[in-house]
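Okay, so here's the structure we're looking at.
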Amino acid sequence: MERESATATIAFVDSGIGGIPYMNHALEHIPQIDGVYLADTAFFPYGQRRPGDLRRRLEGLIAALIERCEPDIVVLACNTASVVALDHLRNTFAIPFVGTVPAIKPAAIRSTSRRIGIMATEQTLKDPYLDQLIGDYAADAQITRLPATGLIEGIERRFFERRDGELLESIGERFADAGADTVVLGCTHFIHLEDELFRRWGDRFQVLDSREGISRQIYRLLNGLPADSYPQLVYSGARRGEDGSQARFFITSRDLESYYRRIAEFFSFRYEGILHER
Ligand code: DGL
């Protein structure tokens, strides 16, 4: 069952730039969608916030986002926000939400050593939701959890001049020492390091993230497909703008505005300035 041709607006929310690879994946694989990206730069980093504060913050922000952009679906393109606030937001707003969870299930399917590494924020690593995911899908595997907070900060604030080499080497060593053959990127920010991770770790680990699963879930919701369906997504090859799709980019603080404008331009998004929390 395919959707009629109307364009749907999909909003992606993260503490910063971590969700951008998710929006790009969706725009490249799902026809007839526009993207709205909201980087909550005033409240970054989410991983250091108290769960109650983060839930309240997201409630005000999502209300403002809905009022301003009228999205059809909101994607929490942030593992921390998803483990902490997804249920609360679903209970608060009528609009459908898609949450991001660490790719533990695919990792458990692929790991032959039964040793899996995960890097994420401390909040995500200690959340009972992660324990539940591991219990459900990877109960027989040994999981090594690494917080990698410094890496997140560097990706967010020094996007154009990152120097993560040494840190990545030492994280890689720790996963290798633990015998991991598969590493889950449990914080959306890490996907910006995809090429470097592949170069440094490609011969040691399979590195997994959840972009594919998120795009598939958006596609299911848009087309009214059942949760257990497995739609095949096709890479459109279209560069943003060529197929008429749009991507808009908001932040939440005046600080670093020129830096974030540059990031929006780098990804060919239309910079829209500040979206205020309600
Ligand atoms: N990108 C977010 C995640 O996936 C977290 C980064 C932060 O701490 O703000 O968890």
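Every value quoted in this text rests on a predicted model; they were computed, and no experiment measured them. What's counted below: heavy atoms across the whole structure, side chains too, no hydrogens, waters or symmetry copies.
Side-chain contact of Asp40 with Tyr46: a donor-acceptor pair under 3.5 Å is present, judged by distance alone. Side chains of Arg216 and Tyr230: a donor on one and an acceptor on the other come within 3.5 Å. Residues Tyr271 and Glu257 have side chains that bring a donor and an acceptor to within less than 3.5 angstrom of each other. Side chains of Glu28 and Ser236: a donor-acceptor N/O pair is absent below 3.5 angstrom, by distance only. Side-chain atoms of Ser111 and Asp181 form a donor-acceptor pair, as typed in the model, at a separation below 3.5 Å. Defined by atom type and a distance below 3.5 Å, a donor-acceptor pair is missing between the side-chain atoms of Thr41 and Ser253. Residues Asp34 and Thr9 bring no donor and acceptor atom of their side chains to less than 3.5 Å of each other.
How far CD1 of Ile104 is from CD of Gln132: 12.5 Å, rounded to the nearest 0.5 Å. Atoms OG and CD, from Ser15 and Glu156 in turn, are 6.0 Å apart once rounded to the nearest 0.5 Å. Taken from CD1 in Ile10 to CD1 in Ile73, the straight-line distance is 4.0 Å, to the nearest 0.5 Å. Residue Leu208 holds its CG atom at 6.0 Å from CD of Gln206, rounded to the nearest 0.5 Å. Taken to the nearest 0.5 Å, the NZ atom of Lys105 stands 15.0 Å off from the CD1 atom of Ile134. Rounding to the nearest 0.5 Å places CD1 of Ile263 at 6.0 Å from OH of Tyr260.
Looking at Arg220, its side chain does come within 3.5 Å of a backbone N or O of Ser229 through a donor-acceptor pair. No donor-acceptor pair under 3.5 Å is formed between the side chain of Ser210 and the backbone N or O of Ala103. No side-chain donor-acceptor contact under 3.5 Å links Arg114 to the backbone of Asp140. Between the side chain of Asp209 and the backbone N or O of Arg211 there is at least one donor-acceptor pair closer than 3.5 Å. Using a distance-only test at 3.5 Å, with no hydrogens or angles considered, no donor-acceptor pair links the side chain of Asp164 to the main chain of Leu168. Remark: the backbone N or O of Pro21 is not paired with any side-chain donor or acceptor of His25 at under 3.5 angstrom. Remark: the backbone N or O of Val84 is paired with a side-chain donor or acceptor of Arg55 at under 3.5 angstrom.
Heavy atoms only, all atoms of each residue included: Ala141 and Ile116 are closest at CB-CD1, 4.0 Å. Minimum interatomic distance between Leu275 and Ala64 (heavy atoms only, all atoms of both residues): CD2-CB, 3.9 Å. Taking every heavy atom of both residues into account, Leu61 and Leu38 meet most closely at CG-CD2, 3.7 Å. Residue Ile155 comes nearest to Phe190 through the heavy atom pair CD1-CD2, 3.9 Å, listed as atom of the first residue, atom of the second, then distance. When all heavy atoms of Gly186 and Thr124 are compared, the closest pair comes out as O-CG2, 4.2 Å. When every heavy atom of Glu122 is checked against every heavy atom of Pro147, the shortest pair comes out as CG-CB, 3.6 Å.
Stacking of Arg270 on the aromatic ring of Phe249 is not recorded, the 6.0 Å distance cut-off and the 45° axial limit not both being met.
Residues Thr112 and Thr182 form no side-chain contact, since every pair of their non-hydrogen atoms from C-beta on lies 4.5 Å or further apart. Within the 4.5 Å cutoff, side-chain heavy atoms of Leu151 are placed close to those of Met119. Within the 4.5 Å cutoff, the side chain of Gln246 has heavy atoms near those of the Arg248 side chain. Side chains of Glu173 and Arg204 form a contact here, defined as non-hydrogen atoms less than 4.5 Å apart. In this structure, the side chains of Leu146 and Ile118 stay at 4.5 Å or more apart for every pair of heavy atoms. Contact annotation: the side chain of Phe198 never approaches that of Asp203 to less than 4.5 Å [non-hydrogen atoms, C-beta and beyond]. Put simply, the side chain of Phe250 reaches to within 4.5 Å of the side chain of Cys69, judged on heavy atoms. Ile214 is listed as a side-chain neighbour of Val75, based on a closest heavy-atom distance under 4.5 Å.
Hydrophobic cluster membership is shared by Ile17 and Leu167, with clusters built from Ile, Leu, Val, Met, Phe, Trp and Tyr side chains linked at under 4.5 angstrom. No continuous path of hydrophobic side-chain contacts links Val234 to Ile218 [ILVMFWY only; heavy atoms under 4.5 Å]. Taken together through direct or relayed side-chain contacts under 4.5 Å among Ile, Leu, Val, Met, Phe, Trp and Tyr, Ile143 and Ile109 form parts of separate hydrophobic clusters. Hydrophobic cluster membership is shared by Tyr37 and Ile274, with clusters built from Ile, Leu, Val, Met, Phe, Trp and Tyr side chains linked at under 4.5 angstrom.
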* side chain to side chain contact (heavy atoms under 4.5 Å, CB included) between Ile251 and Arg261, intermediate numbers included -> CA-CA 9 Å; Ile251 57 175; Arg261 184 193 292 270; over 6 Å; no
* **Thr149 vs Gln48, side chain to side chain contact (heavy atoms under 4.5 Å, CB included): CA-CA, chis, key distance, verdict** => CA-CA 9 Å; Thr149 310; Gln48 317 274 314; 3.3 Å; yes
* Verify side chain to side chain contact (heavy atoms under 4.5 Å, CB included) between Thr252 and Arg57, making sure each step is shown before the conclusion. => CA-CA 11 Å; Thr252 57; Arg57 169 74 183 178; 3.7 Å; yes
* **Verdict with reasoning, Gln123 to Asn79, per side chain to side chain contact (heavy atoms under 4.5 Å, CB included)** => CA-CA 9 Å; Gln123 189 61 51; Asn79 293 265; over 6 Å; no
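Residue Tyr259 qualifies as enclosed at atom OH: its count of foreign heavy atoms under 6.0 Å is above 12.
Paired with His192 under the rule ring-ring contact (aromatic ring centres under 6.0 Å, His included), one option of Tyr22, Phe266, Phe159 passes, and it is Phe159.
The pair Arg174-Asp177 does not count as a salt bridge, with every side-chain nitrogen at least 4.0 angstrom from each carboxylate oxygen.
By the ring-ring contact (aromatic ring centres under 6.0 Å, His included) test, Phe205 is found to be paired with Trp201, residues two or more places apart in sequence or in another chain being considered. With sequence neighbours left out, Arg158 forms a side-chain contact (heavy atoms from CB on, under 4.5 Å) with Glu161.
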Tell me which donor-acceptor pairs under 3.5 Å the side chains of residues 89-102 have, and how far apart each pair is, sequence neighbours excluded?
residue: Arg90; atom: NH2; partner: Phe97; partner atom: O; Å: 3.0
residue: Asn91; atom: ND2; partner: Asp87; partner atom: O; Å: 3.2
residue: Thr92; atom: OG1; partner: His88; partner atom: O; Å: 2.6
residue: Thr100; atom: OG1; partner: Leu76; partner atom: O; Å: 2.5

